[in-house]
Amino acid sequence: MLTLAFDTATSVATAALVRDGAVLGERVSRAVSVLEAADELLREADAAQEDLDRLAVGTGPGSFTGLRLGLAAARGLAFALDLPVAGVSTLQALAAGSPEALPVIDAGRREVFALVRGEPVVTAPQALEPAPGAMCVGDGALRYRGVLEELGAQIPPDDDERHVPRASFHAALAEDFGPAESVEPLYLRVPDAEQKR
């Protein structure tokens with residue numbers, strides 16, 4: 001079973017090619033380059049798009065534009081290649097990369113998206129209640145390092161890979177594959193453009 005997985009919800013996009021649980025390759029890029037990264041992964045694995053069996057895509061929460069780009073890419077590929085798709089929470093993928101950590105994604109507007117007691121929330125970083133000494137990971141943890149450290153959290157160094165929602169974790173977590181149009185983004189608030197109206 002050959003799975004292409006990608007996530008474009010945060011400032012760092014990831015793509016991975018996984019065969020029967022084994023990661024054949026993984027790339028870190030920008031959202032606009034995720035399909036190019038996927039194409040490189042296929043070429044390196046000596047595979048073609050037609051060899052793909054399914055897709056896994058990050059559903060956020062995260063950047064509205066990034067999420068729409070990722071979902072549009074997944075829907076386009078799924079339609080062209082007749083592939084089933086599964087959506088995976090970007091927060092869950094971050095948590096899979098660091099199981100004991102609190103995943104925190106920068107939400108803009110001086111807020112973060114976080115996984116609190118298993119549920120995705122949007123909140124001010126200072127309103128988070130990490131356990132003393134708890135690890136926080138993600139671009140939100142990096143942006144609000146000072147605030148979170150004051151709350152007693154530990155943040156890995158900026159270049160630590162635990163801050164990246166790896167697409168290989170999306171592939172591992174993906175379930176309930178089905179029609180691409182049934183995969184919806186996880187928005188925890190209205191997009192900036194709509195709020196300004």
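- By the side chain to side chain contact (heavy atoms under 4.5 Å, CB included) test, L35 is found to be paired with A73, L77, residues two or more places apart in sequence or in another chain being considered.
- Partners of T3 according to the side chain to side chain donor-acceptor pair (under 3.5 Å) rule, which considers only residues two or more places apart in sequence or in another chain, are R54.
- Checked by atom type and distance alone, the side chain of T8 never pairs as donor or acceptor with a backbone atom of A31 at under 3.5 Å.
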Please list every donor-acceptor pair under 3.5 Å in which a side-chain atom of residues 82-96 meets a protein atom from a residue at least two apart or in another chain.
residue : atom : partner : partner atom : Å
S89     : OG   : L91     : N            : 3.1
S89     : OG   : Q92     : N            : 3.1
T90     : OG1  : D7      : OD2          : 2.6
T90     : OG1  : G60     : N            : 3.1

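- V18 and F177 are assigned to two separate hydrophobic clusters, defined by single-linkage of ILVMFWY side chains at heavy-atom distances under 4.5 Å.
- Counting only residues at least two apart or in different chains, salt bridge (charged side-chain N to carboxylate O under 4.0 Å, His left out) contacts with residues 133-147 comprise D106-R143, R145-E149, R145-D158.
- Here the CG-OG1 distance, from L71 to T59, works out to 7.5 Å after rounding to the nearest 0.5 Å.
- Atom CG of L42 and atom CG of L17 lie 5.5 Å apart (nearest 0.5 Å).
- Inter-residue side-chain proximity for M135 and E100 is flagged as unmet; no heavy-atom pair is nearer than 4.5 Å.
- Under the side-chain contact (heavy atoms from CB on, under 4.5 Å) rule, I105 has a single partner from L115, V137, T10, which is T10.
- Applying the under-4.5 Å side-chain rule to Ile, Leu, Val, Met, Phe, Trp and Tyr, the cluster around I155 extends to L102, V104, V112, V116, V121, L128, L142, Y144, V147, L148, L151.
- When the salt bridge (charged side-chain N to carboxylate O under 4.0 Å, His left out) test is applied to D39, the partners found at least two apart in sequence or on another chain are R43.
- Shown here are the side chain to side chain contact (heavy atoms under 4.5 Å, CB included) partners of A38, two or more places apart in sequence or in another chain: L4.
- Here side chain to side chain donor-acceptor pair (under 3.5 Å) pairs that include residues 110-131, with residues two or more places apart or in two chains, are E111-R189.
- Closest approach of E184 to E181, counting heavy atoms only: OE2-O, 3.5 Å.
- Put simply, the side chain of V57 reaches to within 4.5 Å of the side chain of F6, judged on heavy atoms.
- Partners of D51 by side chain to side chain donor-acceptor pair (under 3.5 Å), not counting sequence neighbours: none found.
- For the residue pair A5 and H170, the shortest heavy atom distance occurs at CB-CB, 4.2 Å.
- In the hydrophobic clustering of this structure, L24 groups with L52; members are Ile, Leu, Val, Met, Phe, Trp, Tyr whose side-chain heavy atoms approach within less than 4.5 Å, directly or through other members.
- The two residues V23 and S168 have their closest heavy-atom pair at CG2-CB, 3.7 Å.
- Taking hydrophobic clusters as Ile, Leu, Val, Met, Phe, Trp and Tyr residues chained together by side-chain heavy-atom distances below 4.5 Å, L173 does not share a cluster with F113.
- Legend: salt bridge (charged side-chain N to carboxylate O under 4.0 Å, His left out) pairs involving residues 16-31, not counting sequence neighbours, sorted by first then second residue: R27-E40, R27-E44.
- Here the shortest heavy-atom pairing between A78 and A180 reads CB-CB, 3.7 Å.
- With sequence neighbours excluded, no residue forms a salt bridge (charged side-chain N to carboxylate O under 4.0 Å, His left out) with D53.
- With rounding to the nearest 0.5 Å, the separation of NE2 in H163 from SG in C136 is 9.5 Å.
- For the residue pair A107 and V122, the shortest heavy atom distance occurs at CB-CG2, 4.4 Å.
- Applying the 4.5 Å side-chain rule to ILVMFWY residues, one finds V12, V28 in the same cluster as V164.
- Closest non-hydrogen pair, A167 versus T14, comes out as N-OG1, 3.0 Å.
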